[in-house]
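Lettering follows sequence order; numbering is per chain, from 1.
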Number of protein chains: 2
Amino acid sequence: MTPAARRVLEAAARLFYERGIHAVGVDLIAHEAGVTKKTLYDRFGSKEQIVVEYLADRDERWRAFVARRLDAAPPEPAARVLAVFDASRAWAAEHSPKGCGMVNAHAEISDPEHPAHPVITGQKRWMLALFTGLAEGVRPAGAEPLARTLMLLHEGALVAHGLDMFPDAIGHAREQAHALLAAC
Amino acid sequence: MTPAARRVLEAAARLFYERGIHAVGVDLIAHEAGVTKKTLYDRFGSKEQIVVEYLADRDERWRAFVARRLDAAPPEPAARVLAVFDASRAWAAEHSPKGCGMVNAHAEISDPEHPAHPVITGQKRWMLALFTGLAEGVRPAGAEPLARTLMLLHEGALVAHGLDMFPDAIGHAREQAHALLAAC
DNA sequence: TCCCGAGTATACCGATCTGTATAGTGTGAG
DNA sequence: CTCACACTATACAGATCGGTATACTCGGGA
């Protein structure tokens with residue numbers, strides 16, 4: 001990826017997340033990236049492609065972020081679940097003041113045939129699989145329902161954080177997850 | 001409200017929810033409502049105003065829907081909490097295949113000065129207050145944290161339902177709320 | 001009968017949208 | 001030096017955006 005393409009993607013990521021996808025035009029992206037539209041279209045071909053790469057890149061960075069946190073976490077499955085919530089809180093503090101970027105993008109992309117759709121659903125499936133794997137280490141019988149509950153707490157916390165419903169929503173979700181795991 | 005204005009609001013509500021606010025233009029709204037743009041602007045003055053009334057109307061209908069369900073629910077606070085989740089499941093089945101309209105709108109409206117902002121946050125505050133009032137009947141000491149947990153489960157379930165993460169997410173949230181209340 | 005308000009139809013405004021075309025600049029490798 | 005390539009600058013096409021203006025139809029009430 002050329003330096004200009006990198007700058008385009010960084011600018012698009014910031015603008016798409018802060019203002020929404022449909023509210024941001026390619027002229028603004030090019031201007032913020034210090035790049036002409038020509039270069040932008042030479043590198044990406046379409047706005048739709050920029051949207052897809054924005055989401056795919058964000059997804060990739062999130063997964064790497066979680067993986068790094070998980071590497072530094074204790075081996076006990078329950079502690080690793082809490083490490084995911086801690087990762088989410090840290091991530092939200094610096095990357096997600098407005099909630100989950102995938103959920104927000106999904107609000108604007110209704111067409112299931114849109115190439116960004118599998119990126120969005122893919123991240124959620126990955127998260128559910130992550131929780132399921134960890135839940136199997138906590139309570140092998142009935143790991144699936146436990147993972148789904150963790151998923152609900154996690155998604156709810158991201159929304160609550162984005163809408164600023166009450167202070168430290170993700171921390172609260174973490175404590176609830178803790179209580180839930182302790183009850184096993 | 002004149003018949004044409006009502007049709008405009010109905011068309012706008014459907015289009016805004018299904019496709020997103022910025023993706024829908026006033027020409028499309030007018031066409032779908034069987035109304036000219038002139039009539040549309042005579043009644044509402046601006047697209048922004050249509051957005052505000054769409055959200056306010058949706059909020060009002062949701063609150064009335066919950067109130068009706070709550071009227072028919074048993075007097076025990078725990079049962080009334082579950083009635084809220086049941087109401088949400090019924091509402092989602094016929095009005096919200098794509099998750100919470102307020103959350104989706106918030107993804108597109110970043111500016112806190114936007115007149116639609118208080119409508120969005122108002123509904124969430126109302127929901128939290130509703131849960132808090134019911135939680136006080138279940139566990140007077142520590143009603144606030146209990147209400148926040150119910151809120152997380154509820155919001156998470158709406159997101160999970162909208163993204164189709166797994167079947168009957170709201171029903172699962174209801175069962176988790178049930179377990180949570182039973183533990184009090 | 002007349003009038004008035006609600007609504008229709010159509011044409012238009014300036015601005016902005018995504019996307020393209022042409023011409024020119026700077027730089028590193030061979 | 002040359003050549004390829006990344007990039008800049010500017011202009012523009014075609015469509016659509018929110019919003020407005022003019023002229024018309026229709027039905028109900030005084």
Go through the steps for Y17(B) and R58(B) under the test side-chain contact (heavy atoms from CB on, under 4.5 Å), then give the verdict. CA-CA 10 Å; Y17(B) 183 78; R58(B) 191 176 171 95; 3.4 Å; yes
For dT8(C), does OP1 or OP2 lie under 4.0 Å from any side-chain N or O of T39(B)?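 T39(B) to dT8(C) OP1/OP2: side-chain N or O found under 4.0 Å.
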Taking only side-chain nitrogens and oxygens of Y41(B), does any of them come within less than 4.0 Å of OP1 or OP2 of dT20(D)?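 Answer is no, no contact under 4.0 Å.
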Taking for each residue the nucleotide of DNA chain C with the nearest heavy atom, is it R7(B) or K37(B) whose nucleotide lies nearer the 5' end?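 Comparing both residues, the 5'-ward one is R7(B).
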Measure from the side chain of V35(B), starting at C-beta and using heavy atoms only, and say which of dT8(C), dG19(D), dA21(C) lies closest.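 Looking only at heavy atoms from C-beta outward on V35(B), the closest nucleotide is dT8(C).
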Identify which nucleotide among dG19(D), dA21(D), dT18(C) has an atom closest to any side-chain atom of D27(A), counting heavy atoms from C-beta outward.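 Per side-chain heavy atoms of D27(A), the pick is dT18(C).
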For R43(A) and for G45(B), find the nucleotide of DNA chain D with the closest heavy atom, then tell me which residue's nucleotide is more 5'.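 Its nearest nucleotide lies further toward 5', so the answer is R43(A).
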Starting at [atom1] of [X] and ending at [atom2] of [N], how long is that distance when rounded to a whole Å?
X	N	atom1	atom2	result
H22(B)	dT16(C)	NE2	P	15 Å
K38(A)	dT25(C)	NZ	P	16 Å
K47(A)	dC17(C)	NZ	P	9 Å
R6(A)	dC7(D)	CZ	C1'	18 Å
L28(A)	dA15(C)	CG	P	18 Å
F44(B)	dA6(C)	CZ	P	13 Å
D42(B)	dG18(D)	CG	C1'	15 Å
L40(A)	dA21(C)	CG	C1'	16 Å

Full working for side-chain contact (heavy atoms from CB on, under 4.5 Å) between L130(A) and V66(A): CA-CA 10 Å; L130(A) 175 65; V66(A) 171; 4.0 Å; yes
Contact class for V24(B) vs. all strands (heavy atom < 4.0 Å): base, sugar-phosphate, or nothing?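 V24(B): backbone/sugar contact only, no base atoms under 4.0 Å.
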For T2(B), report the nucleic acid contact type (base, sugar-phosphate, nothing); a contact means any heavy atom under 4.0 Å.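 Contact class for T2(B): sugar-phosphate only.
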Apply side-chain contact (heavy atoms from CB on, under 4.5 Å) to residues Q123(A) and C100(A) and explain how you reach the verdict. CA-CA 11 Å; Q123(A) 176 173 100; C100(A) 174; 4.1 Å; yes
Can you tell me if NE2 on H117(B) sees more than 12 non-hydrogen neighbours from other groups inside 6.0 Å?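 Correct, the count exceeds 12.
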For Q49(A), look at atom CD and say whether over 12 heavy atoms of other residues, nucleotides or ligands are found less than 6.0 Å away.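 Enclosed: over 12 neighbouring heavy atoms sit under 6.0 Å from CD of Q49(A).
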